[in-house]
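As the structure lists them, so they are numbered: ligands from 1, and atoms in each ligand from 1. These numbers come from a predicted model, not from an experiment.
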Amino acid sequence: MAQRAIPKEIEEKMQKAKDMKPEDMLFTYKGVLYPSLLCKPENFKAMERFEAIEDDILLVAYPKCGFNWMSHVLKKISDAAHGKRGETAQFTLLEFADPEKLQNLSKLPSQRIMGTHVQPKDIPASFFEKKTKVLVIFRNPKDTAVSYFHFYNKNPALPAFDSWDKFFSQYMSGEVMLGSYFDHAVAWEKHIDSDTVKIITYEDMIENLTEGIQQVARFFSLTLSDEQVQAIAQESTFEAMKNKSKETHGQMGNVIFRKGGVGDWKNHFSEEQSKELDTKFEQCLAGTKLGAKLKYEVHCK
Ligand SMILES: Nc1ncnc2c1ncn2[C@@H]1O[C@H](COP(=O)(O)OS(=O)(=O)O)[C@@H](OP(=O)(O)O)[C@H]1O
């Protein structure tokens with residue numbers, strides 16, 4: 001039986017979306033939009049006080065950059081390295097955990113694996129103070145936008161967009177859940193030389209999943225045999241994960257595992273939109289290490 005990645009309680013909360021007006025589905029906290037059904041302002045207050053420890057694992061991603069993929073890979077790596085089978089504690093996003101749940105997280109035995117979609121400035125300070133290792137997965141901004149557009153339209157807990165053009169314009173201005181892709185990218189660029197932060201890209205994982213798994217394991221000082229790496233790679237392809245998604249993600253399976261891969265932006269962007277995003281990328285990330293890592297010329301031109 002595959003382990004559930006989306007807890008039943010989150011699915012139950014999302015059922016309430018049927019009774020909600022689209023305008024009530026998101027709320028603003030400190031200038032950023034969050035999903036009303038899953039986050040509450042008190043969650044963020046409790047997060048500020050959360051105590052990380054050095055051997056925790058924190059996975060961070062802007063929405064649609066490959067969080068579910070990497071969280072699956074991480075759990076498999078941790079289970080294999082620690083000789084467990086599907087036992088690694090199920091984790092939820094820190095911002096979705098109410099204060100009581102966050103308190104309970106504190107009682108979990110190590111090695112805890114946690115995740116978040118928030119910007120570095122909103123990550124509990126203790127992660128940085130304790131030098132906890134933080135893995136960040138990024139994806140090129142054009143495919144991220146397309147994935148996000150479909151997510152908004154398929155996710156019952158988010159207000160649907162009646163056109164790609166409308167979504168694109170809000171994505172560019174950062175008026176989407178979790179804010180601007182570019183604010184996240186610029187913020188992570190400042191951490192790129194840190195020994196405790198590793199940034200990996202979706203596209204590099206697509207190109208060489210085995211190498212991606214090895215890099216992640218090495219970063220967390222977890223030792224895997226070649227056979228274990230191969231087995232994790234086989235269980236972590238898009239097809240393998242999509243096939244199991246009903247079991248692991250319930251009704252959200254089809255919403256999250258949509259198409260996978262690189263380049264779907266070419267089926268959505270107009271030439272003008274493509275140029276607009278090129279200019280924004282140039283302004284925010286040209287000449288930066290994260291900009292180079294994203295291989296924009298290869299994946300976005
Ligand atoms: N194993 C594997 N291989 C390749 N691609 C994968 C995989 N698992 C998930 N995905 C794709 O990742 C996109 C979803 O991103 P997230 O998991 O970050 O979404 S979320 O923000 O947490 O809802 C979404 O991208 P799109 O298909 O382009 O929409 C998923 O299909």
**Q** Taking the side chain as every heavy atom from C-beta outward, state whether H191 and T196 have any atom pair closer than 4.5 Å.
**A** no

**Q** Is the ring pair Y34/F44 parallel, tilted or perpendicular, if the boundaries are 30 and 60 degrees?
**A** tilted

**Q** Do the two ring centres, one from F269 and one from W164, sit under 6.0 Å apart?
**A**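 Judged by ring-centre distance (under 6.0 Å), F269 and W164 do meet the cut-off.
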
**Q** Does this structure show an ion pair linking K130 with E51, if we count only N-O contacts that are shorter than 4.0 Å?
**A** yes

**Q** Could you go through the ring-ring contact (aromatic ring centres under 6.0 Å, His included) check for F149 and F161 one step at a time?
**A** CA-CA 8 Å; F149 169 62; F161 276 87; 7.1 Å; no

**Q** Could you pull out every protein residue that has a heavy atom closer than 4.0 Å to ligand 1, ordered by chain and then number?
**A** P63, K64, C65, G66, F67, N68, W69, H117, R139, S147, F151, Y202, I206, S236, T237, F238, M241, I256, F257, R258, K259, G260

**Q** Could you tell me whether the side chain of L135 reaches within less than 4.5 Å of the side chain of M70, counting heavy atoms only?
**A**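 They are in contact (side-chain heavy atoms under 4.5 Å apart), so the answer is yes.
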
